[in-house]
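Notes follow once the structure below has been shown.
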Number of protein chains: 2
Amino acid sequence: MKKITIGEAARRSGVKVPTVRYYESIGLLAAPSRSEGNQRSFEPADISRLAFIRHARELGFEIDAIRTLLTLQDDPNQSCASADAIAKARLVEVEQRIRSLMALKAELETMVEGCGHGRVDQCRVIEVLADHGQCTHSHH
Amino acid sequence: MKKITIGEAARRSGVKVPTVRYYESIGLLAAPSRSEGNQRSFEPADISRLAFIRHARELGFEIDAIRTLLTLQDDPNQSCASADAIAKARLVEVEQRIRSLMALKAELETMVEGCGHGRVDQCRVIEVLADHGQCTHSHH
DNA sequence: CCTACATCCTCTAGCGACTAGAGGTGCAAG
DNA sequence: CTTGCACCTCTAGTCGCTAGAGGATGTAGG
């Protein structure tokens with residue numbers, strides 16, 4: 001069992017070094033054992049856990065949601081209903097976010113198309129921002 | 001010229017009261033004149049500026065980008081090339097974000113579909129998060 | 001005029017999820 | 001033995017607000 005340094009753990013999991021320490025500090029990752037010279041020594045399981053966290057973060061899960069997911073993972077006898085609920089809630093959020101970004105995209109396209117690279121007083125970009133009534137959509 | 005209080009300005013522009021003060025504090029909005037009793041007194045132009053900021057924030061522009069847009073708006077003789085560039089950059093960002101959210105949506109759907117509400121050790125949600133290799137897409 | 005109450009004021013601290021930097025120690029190669 | 005990188009802790013900063021304390025002002029009713 002060779003020791004895995006924090007740098008090695010970071011490289012293998014794709015989580016940055018200071019972020020690994022941060023996750024430890026907020027209790028998302030158990031404090032690893034230390035070497036003679038007080039340096040962290042990780043286990044392969046820690047790498048998996050870090051990769052799990054990284055992936056969940058990439059998917060936009062919040063730290064608290066990840067904490068719940070990790071608790072579930074740690075106890076495989078539990079029902080996965082909570083995990084399912086978290087994922088479903090996230091799916092709804094994502095769908096909503098996509099809808100609003102599509103509307104936003106349309107608005108930005110109108111702005112950019114309308115801009116004839118003239119002076120500011122004829123610029124659609126500024127104009128549309130100044131007067132929300134000209135939007136191609138309405139916000140909630 | 002009746003005085004516009006901060007509460008009135010907030011209601012008319014859709015920006016919250018503490019946020020108006022915050023914008024003043026970071027120099028996005030000029031400090032308005034004050035009443036006898038040291039209360040802010042806004043002009044109609046301030047309301048427009050606040051509405052402009054709010055709309056730009058809704059569109060996801062960062063404060064610094066808005067600062068630039070406002071400088072352009074203040075000087076209508078300038079070329080609007082900068083405004084155009086900012087909007088175009090934002091459009092690219094939004095398109096990128098939509099693409100990655102679509103991929104994410106697909107991934108979440110796989111997770112939720114696969115979950116048979118059994119125990120955690122058969123749960124796709126946990127499994128997919130734990131092993132990125134199972135993803136239906138790859139992150140950059 | 002007095003009181004009640006909403007609104008205003010300044011100031012500081014907190015949020016999430018890191019990131020950056022200072023100032024110091026450990027460790028492996030040449 | 002020295003060079004130089006990786007590691008350590010700690011604090012403070014990022015962004016764009018938001019919340020709260022503790023107090024002053026403004027307004028409407030009695």
Side-chain angles (χ1 to χ4, degrees), chain A residues 2-29 31-42 46-47 49-70 86 89-90 93 97 139, chain B residues 2-29 31-43 46-47 49-70 86 89-90 93 97:
Chain A
K2 52 201 161 196
K3 60 197 166 188
I4 302 172
T5 66
I6 195 168
E8 184 68 8
R11 236 175 321 102
R12 284 206 223 162
S13 66
V15 176
K16 288 184 202 151
V17 169
T19 308
V20 174
R21 286 197 276 252
Y22 169 69
Y23 288 158
E24 185 189 323
S25 81
I26 61 167
L28 212 53
L29 189 70
S33 57
R34 299 293 183 117
S35 75
E36 278 291 304
N38 196 34
Q39 303 203 345
R40 285 170 183 81
S41 182
F42 293 91
D46 296 321
I47 312 296
R49 197 172 175 96
L50 281 169
F52 182 103
I53 296 169
R54 201 208 66 183
H55 189 196
R57 285 295 299 136
E58 273 171 358
L59 293 180
F61 289 92
E62 292 177 2
I63 295 287
D64 262 7
I66 296 173
R67 209 184 288 275
T68 307
L69 291 169
L70 283 167
I86 292 170
R90 180 79 194 125
E93 275 169 39
R97 189 87 185 111
H139 303 284
Chain B
K2 51 201 163 197
K3 60 199 166 188
I4 304 172
T5 67
I6 196 168
E8 184 68 7
R11 236 173 313 107
R12 285 205 223 161
S13 66
V15 175
K16 289 183 200 153
V17 168
T19 307
V20 173
R21 285 197 276 252
Y22 170 70
Y23 288 158
E24 185 189 323
S25 82
I26 61 167
L28 212 53
L29 189 70
S33 56
R34 299 291 184 119
S35 74
E36 278 291 303
N38 196 36
Q39 303 203 344
R40 285 170 184 83
S41 181
F42 293 91
E43 307 291 321
D46 295 321
I47 313 295
R49 197 173 175 97
L50 281 170
F52 182 103
I53 296 169
R54 202 206 66 183
H55 189 196
R57 285 295 299 139
E58 273 171 358
L59 293 180
F61 288 92
E62 292 176 2
I63 295 288
D64 262 6
I66 296 173
R67 210 184 286 276
T68 307
L69 290 169
L70 283 167
I86 291 170
R90 180 76 195 126
E93 275 168 40
R97 190 86 185 112

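This structure is a prediction, so every number in the text was calculated from the model and none was measured. Throughout, a chain's letter reflects where its sequence line sits, starting with A, and its residues are numbered from 1.
Against DNA chain C, the stretch residues 9-22 of chain B makes heavy-atom approaches under 4.0 Å through Arg21(B).
In this structure, CD of Glu8(A) is placed 16 Å from C1' of dC27(C), rounded to the nearest angstrom. At whole-Å resolution of the value, CD1 in Ile26(B) and P in dC15(D) are 10 Å apart. What separates CD of Glu24(B) from P of dG16(D) is a distance of 18 Å, to the nearest Å. Taking atom NZ of residue Lys3(B) and atom P of nucleotide dT7(C), one finds them 15 Å apart after rounding to whole Å. Distance Leu28(A) CG to dC18(C) P: 9 Å, rounded to the nearest Å. Between Glu62(B) atom CD and dC17(D) atom C1' the separation is 14 Å, expressed in whole Å. Atoms CD1 (Ile63(B)) and C1' (dT14(D)) sit 13 Å apart, rounded to a whole Å. Between Leu29(B) atom CG and dC17(D) atom P there is a gap of 13 Å when expressed in whole angstrom units.
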> Between Arg67(B) and Ile26(B), does a side-chain contact (heavy atoms from CB on, under 4.5 Å) hold up when you go through it step by step?
Replying inline: CA-CA 10 Å; Arg67(B) 210 184 286 276; Ile26(B) 61 167; 4.2 Å; yes

>> Let's go through Tyr23(A) and Ile63(A) carefully: what are the C-alpha distance in whole Å and the side-chain angles of both, what is the deciding distance for side-chain contact (heavy atoms from CB on, under 4.5 Å) to 0.1 Å, and is it a yes or a no?
In response: CA-CA 9 Å; Tyr23(A) 288 158; Ile63(A) 295 287; 3.9 Å; yes

> When you look at Arg40(B) and Ile4(B), which way does the side-chain contact (heavy atoms from CB on, under 4.5 Å) test go after all the steps?
Replying inline: CA-CA 8 Å; Arg40(B) 285 170 184 83; Ile4(B) 304 172; over 6 Å; no

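Side-chain atoms of Arg90(B) never come within 3.5 Å of backbone atoms of Ala65(B) as a donor-acceptor pair (strictly under, hydrogens ignored).
Listed pair Arg40(A) / dC8(D) meets the phosphate criterion, a side-chain N or O lying under 4.0 Å from OP1 or OP2. Contact annotation: Ser35(A) reaches the phosphate of dC27(C) (side-chain N/O to OP1 or OP2, under 4.0 Å). The shortest distance between the side-chain N/O atoms of Arg34(B) and the OP1/OP2 oxygens of dA24(D) is not below 4.0 Å.
In terms of position on DNA chain D, the residue among Arg57(B) and Glu36(B) whose nearest nucleotide sits closer to the 5' end is Arg57(B). Of the two residues contacting DNA chain D, namely Asn38(B) and Asp64(B), the nearest-nucleotide position lying further toward the 5' end is that of Asp64(B).
Within 6.0 Å of CD on Glu93(B) lie more than 12 heavy atoms contributed by other residues, nucleotides or ligands.
Comparing dG16(D), dG26(C), dG26(D) by their nearest atom to the side chain of Gln39(A) picks out dG26(C). Closest approach to the Ile6(B) side chain among dG16(D), dA17(C), dC9(C) is made by dC9(C) (side chain taken as heavy atoms from C-beta onward). The side chain of Tyr23(B) lies closest to dC17(D), out of dC7(D), dC17(D), dC8(C).
Between Asp46(A) and Arg49(A), none of the side-chain N atoms (NZ, or NE/NH1/NH2) sits under 4.0 Å from a carboxylate O, so this pair counts as no salt bridge. Using a cutoff of 4.0 Å between basic side-chain nitrogens and carboxylate oxygens, Glu8(A) and Arg11(A) are scored as salt-bridged.
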